[in-house]
Each structure stands twice: as C-alpha cells, then as structure tokens.
Amino acid sequence: MAEDALVTLIHTYRVTQYDPADRDASGAYVGSVDSASDEGPLEAAYLDAVEAFARELGVTQLEVRDPFMPDPSDRERYRLPLGDPDFPDADLLNVFGPDHTAFFDGAVVDIPGTRLLVRGMLRNDWEIAPWWCLLESTDMTVHVGHDVYMYITTSRPCPRAEAATAAAGLFPEHSEGTISPYMPDEAEEEHLRSLHTPIDDAFWTRIDVLVREHGAVLLEEHAAWTRWHRVTAEDPRPALRPRCRVWVWPDLTTDVGAALAHLEVNDPDDIHGMIIWQGASGQVRCESISSDDAESVRAAVEGATRASWHSERLGDLRPMIEAVMPDNDGVIRARWEPLESAHSTD
C-alpha cells in the first residue's frame with residue numbers, strides 16, 4: 001500500500017458495543033455493558049461490520065502492519081494454537097503457517113483471514129490469542145483497541161455498512177476528519193524512514209568485515225517477535241523476515257558465569273535487562289528478566305556454551321549497526337523508530 005494513501009481516509013467509524021447515550025460529558029462510557037468481547041452475537045457483529053465495510057468499498061484484501069506476538073516457539077508460556085480445534089483461533093494456522101512465519105509487516109490477508117485476526121484482537125486473551133496488528137488498504141483500515149473499541153477508516157462514506165452494523169446491535173459513530181487514535185502520522189513516519197540504513201549488499205559487507213575481525217557477531221532481528229542469530233564465517237547468512245529491523249551486537253562470550261552474575265543483586269527489583277545464550281544445539285535464545293524470573297532463567301541457561309547480558313534501558317542500547325529490511329523494490333516501508341531518534345527524545 002502506498003504510504004501516502006492513508007491521508008485520503010478521512011471518514012472514521014468508531015464501532016463499539018457501547019450506546020453513546022451512556023457516556024458522560026467527557027465521553028467516557030458509564031453504562032453497564034461489559035468491556036470484553038461476549039464471544040457470541042456481539043463479537044460476530046464486529047466481524048460482520050468489517051466485512052460489510054469491505055464489501056461496500058470493494059476491498060478484498062488488507063495488509064498487516066506493525067504486527068506483534070510473543071515468540072511462538074515459547075509454547076510453555078503462551079498457549080498458542082497448535083492445530084487443536086478446541087483453540088478458538090486455530091484456523092489462523094492456515095493463514096500464517098504452523099509457526100506463524102507468514103505473520104509479518106506487509107503480509108496480505110483476505111477478508112476471512114481479517115475476520116480471524118480481528119476476532120483474536122477483540123478477545124484480547126494473551127493466553128489464547130497473543131497477537132496484535134493494524135490492517136490497512138488504500139480504501140480502508142481496521143484498528144482494534146482496548147475494551148473492544150474498533151476503528152474503521154474509509155475513503156468515502158459507507159451508509160449501507162453503517163446501517164447494517166447498527167441493525168446488528170453495535171454503535172458505529174461516524175465522523176469526518178477525526179482519525180483513528182492508531183493511525184500513523186505519515187509525515188513523521190516518512191522522516192523516520194529516511195534515517196534508516198537498509199539491509200542490502202553494503203550491510204552484509206559490513207557484517208563480513210566484523211566477522212573477520214571478531215570471529216562472530218550477534219544479530220537481534222525485530223519483527224512480529226524477536227529472533228537472535230549468531231553469524232560466523234562458517235555459517236550461512238540468516239534468512240531475515242520482511243521489513244525487520246536488525247541490531248548488530250558483539251559476539252556472545254564463553255564466560256557464561258559473567259552473564260549470570262548480573263542476577264546477583266541485593267534487591268531483585270534492580271534487575272533490568274536480558275540474558276542471551278546459545279545452547280548445545282546452537283540455537284540462540286533470549287529472556288528478559290524480572291525479579292520473579294531469576295531462578296527459572298538460571299535453570300534455562302544451564303548447559304549454555306555462550307552467553308551475554310544486555311541492559312534494556314533505552315539509553316544503554318548502543319548496537320554496532322542498526323538497519324531495516326527494505327521491500328523488494330528497495331524502498332523502506334517499515335515503521336520502526338531509529339534508535340538515534342529515540343535517544344534524542346528520551
């Protein structure tokens with residue numbers, strides 16, 4: 001989708017299950033309707049609303065933007081759908097693959113796939129459906145927020161879809177010129193994109209130089225979830241996901257004890273960081289650590305061959321290289337904020 005297309009979406013429909021008559025002078029809802037999905041007729045009405053607006057606009061596909069989910073390989077922490085039909089969003093495996101590898105910024109989904117994504121976000125159950133994204137096209141966007149607020153922005157009024165949504169028991173509030181609170185500021189985004197270094201041949205040449213100088217480097221790959229890659233002269237380059245952001249760090253150290261020493265503090269609440277380690281299998285893993293996690297992390301890292309400790313304080317984030325994956329046409333469309341910009345506003 002062209003990045004300047006969003007500026008033409010001047011019609012916003014705030015779709016909720018809350019009667020506007022039950023709002024106070026500030027606009028806050030004070031009625032008795034629960035702020036969660038009923039997983040029944042009202043939820044179905046939300047999904048039908050998405051389809052009705054898409055039908056009236058002639059939209060058949062939407063693009064996934066700014067996706068987020070925890071690492072799907074962490075099955076013990078998040079009960080992600082494993083193909084069991086008892087999981088309410090197991091059908092998403094057919095949309096994004098068994099490991100959700102197709103859930104990336106720029107992925108295109110049809111309207112049935114859009115319904116499944118919106119259903120998961122409406123339920124907001126981080127044990128069953130821990131994902132979130134924006135859904136966008138040149139004529140329509142769908143943004144799901146807290147408390148089952150859904151914002152549909154369109155390129156023109158959609159009176160038929162609005163009427164059908166109201167008839168189904170929801171309250172579509174139409175405004176012209178008022179934008180979704182999740183709509184990106186495209187002028188700002190364009191400026192931020194101009195600051196990025198692309199992941200291209202020149203980037204990999206710099207990686208090759210670092211590997212020759214230091215033996216290996218560590219790549220932190222940000223996309224819907226974070227992955228880690230240890231790059232050496234012997235290993236092939238890792239396959240990076242579309243529109244990812246990469247931070248390049250010094251290699252892990254063989255002194256695993258030095259990394260674990262950061263857990264030895266008088267007050268566990270003083271732990272602010274993450275430990276990255278490589279096990280005997282060669283897989284690199286990472287764990288952000290809170291005061292409740294220290295013992296479990298020690299157990300997980302047992303047997304590691306290499307490890308490092310990273311602070312998670314913004315001011316401490318100083319990677320050797322930061323770069324972003326462009327699209328196939330060479331244009332960067334991802335919406336990552338460069339660390340340079342984040343540091344200047346911290």
Looking only at heavy atoms, which two atoms of Ala107 and Ala102 are closest? And how far apart? CB-O, 3.4 Å
Is there a continuous path of hydrophobic side-chain contacts, each under 4.5 Å between heavy atoms, that joins Leu122 to Leu42? yes
Before accepting this row, confirm whether a basic side-chain N of the pair Arg245/Glu221 lies closer than 4.0 Å to the acidic partner's carboxylate O. no
State, with a plain yes or no, whether a side-chain heavy atom of Pro159 is found less than 4.5 Å away from one of Glu56. yes
Honestly curious: do Phe203 and Leu339 fall in one hydrophobic cluster under the side-chain, below-4.5 Å linking rule? no
Would you confirm whether Gln17, through its side chain, and Glu43, through its main-chain N or O, come within 3.5 Å as a donor-acceptor pair? no
Identify the heavy atoms of Phe103 and Trp132 that sit nearest to each other, and give their distance. CZ-O, 3.9 Å
Could you work out, with ring-ring contact (aromatic ring centres under 6.0 Å, His included) as the rule, every residue matching Tyr13, not counting sequence neighbours? Phe53, His174
Do Pro238 and Leu219 have side chains that get closer than 4.5 Å, going by heavy atoms? yes
For the atom pair CD1 (Ile152) and OG1 (Thr12), what is the distance rounded to the nearest 0.5 Å? 10.5 Å
Got a sec: does the CZ of Arg206 have more than 12 other heavy atoms crowding it under 6.0 Å? no
Gap separating the NE2 atom of His191 from the CG atom of Asp185, nearest 0.5 angstrom: 11.0 Å
Mind listing the closest non-hydrogen atom pair of Cys133 and Pro67 along with its distance? CB-CA, 3.8 Å
What are the two closest non-hydrogen atoms of Ala216 and Arg230, and how far apart are they? CB-NH2, 3.8 Å
Say whether Phe171 and Tyr29 are linked into one hydrophobic cluster, either directly or through other cluster members, by side-chain heavy-atom distances under 4.5 angstrom. no
Quick check: does any side chain N or O of Asp327 sit under 3.5 Å from a backbone N or O of Gly330, one acting as donor and the other as acceptor? no
If I take atom OG1 from residue Thr16 and atom CG from residue Leu170, how far apart are they, to the nearest 0.5 angstrom? 7.5 Å
Decide if atom CD of Gln61 counts as having more than 12 heavy atoms of other residues, nucleotides or ligands within a radius under 6.0 Å. yes
Please determine whether residues Met121 and Leu47 belong to a single hydrophobic cluster, defined as Ile, Leu, Val, Met, Phe, Trp and Tyr linked transitively by side-chain heavy-atom distances below 4.5 Å. yes
So does Asp105 pair up with Arg333, basic N to acidic O under 4.0 Å? no
Is the distance between the ring centroids of Trp336 and His196 less than 6.0 Å? no
Tell me whether the count of non-hydrogen atoms from other residues, nucleotides or ligands lying under 6.0 Å of CG in Asp329 goes above 12. yes
Could you tell me which non-hydrogen atom of Gly279 sits nearest to which non-hydrogen atom of Thr305, and how far apart they are? O-OG1, 4.0 Å
Between His100 and Trp225, is the ring centroid distance below 6.0 Å? no
Under a 4.0 Å N-O cut-off, is there an ion pair linking Glu136 with Arg335? yes
For residues Leu57 and Val109: do they belong to one hydrophobic cluster (side chain heavy atoms under 4.5 Å, members Ile, Leu, Val, Met, Phe, Trp, Tyr)? yes
Do Glu220 and Val246 have side chains that get closer than 4.5 Å, going by heavy atoms? no
Got a salt bridge between Arg193 and Glu186, using NZ or NE/NH1/NH2 to carboxylate O under 4.0 Å? yes
Does the side chain of Asp235 pick up a donor-acceptor pair with the side chain of Thr232 at under 3.5 Å? yes
Rounded distance (nearest 0.5 Å) linking atom CZ of Arg123 with atom OG of Ser37: 6.0 Å
Kindly determine whether Arg23 and Val30 satisfy side chain to side chain contact (heavy atoms under 4.5 Å, CB included), including the steps that lead there. CA-CA 6 Å; Arg23 295 185 182 275; Val30 294; 5.9 Å; no
Distance (rounded to the nearest 0.5 Å) between Ile332 CD1 and Ser194 OG: 9.5 Å
Stepwise, does the side chain to side chain contact (heavy atoms under 4.5 Å, CB included) test hold for Trp309 with Leu260? CA-CA 8 Å; Trp309 172 269; Leu260 289 174; over 6 Å; no
Test of understanding: with side chain to side chain contact (heavy atoms under 4.5 Å, CB included), list the residues that count as partners of Glu51, not counting sequence neighbours. Arg55, Ile111, Arg115
Do Arg306 and Asp251 have side chains that approach each other closer than 4.5 Å (heavy atoms only, starting at C-beta)? yes
Note: Arg243 and Gly106 closest approach over all heavy atoms is NH1-CA, 3.5 Å
Looking only at side-chain N and O atoms, does Asp255 offer a donor or acceptor that is under 3.5 Å from a partner on Thr253? no
Does atom CZ of Arg160 have more than 12 heavy-atom neighbours, drawn from other residues, nucleotides or ligands, at distances under 6.0 Å? no
Does Ile207 form a side chain to side chain contact (heavy atoms under 4.5 Å, CB included) with Val248? I'd like the steps, not just the answer. CA-CA 8 Å; Ile207 296 299; Val248 181; 3.7 Å; yes
Hey, is the main chain of His222 close enough, under 3.5 Å, to the side chain of Thr226 for a donor-acceptor pair? no
With Val50 as partner, the option from Val59, Val15, Thr165, Thr114 fulfilling side-chain contact (heavy atoms from CB on, under 4.5 Å) is Thr114
Rounded to the nearest 0.5 Å, how far does CH2 of Trp204 lie from CZ of Arg237? 6.0 Å
Would you please test Val256 and Trp277 for side chain to side chain contact (heavy atoms under 4.5 Å, CB included) and show each step? CA-CA 8 Å; Val256 177; Trp277 73 95; over 6 Å; no
Would you say the side chain of His310 lies within less than 4.5 Å of the side chain of Ile276, judging by non-hydrogen atoms? yes
So do Leu134 and Ser180 actually touch side chain to side chain, heavy atoms under 4.5 Å? no
Would you say that more than 12 heavy atoms from the other residues, nucleotides or ligands in this model lie under 6.0 Å from the CG of Asp24, or not? yes
Show every ring-ring contact (aromatic ring centres under 6.0 Å, His included) that has at least one partner inside residues 133-153, sequence neighbours left out. Tyr18-Tyr149
Is there a side-chain contact between Phe96 and Leu117, using heavy atoms and a 4.5 Å cut-off? yes
Can you check whether Trp247's main-chain N or O pairs, donor with acceptor, with Glu322's side chain at less than 3.5 Å? no
With heavy-atom distances below 4.5 Å as the criterion, would you say the side chains of Leu135 and Val118 are in contact? yes
Are Thr153 and Thr141 linked by a side-chain donor-acceptor pair shorter than 3.5 Å? yes
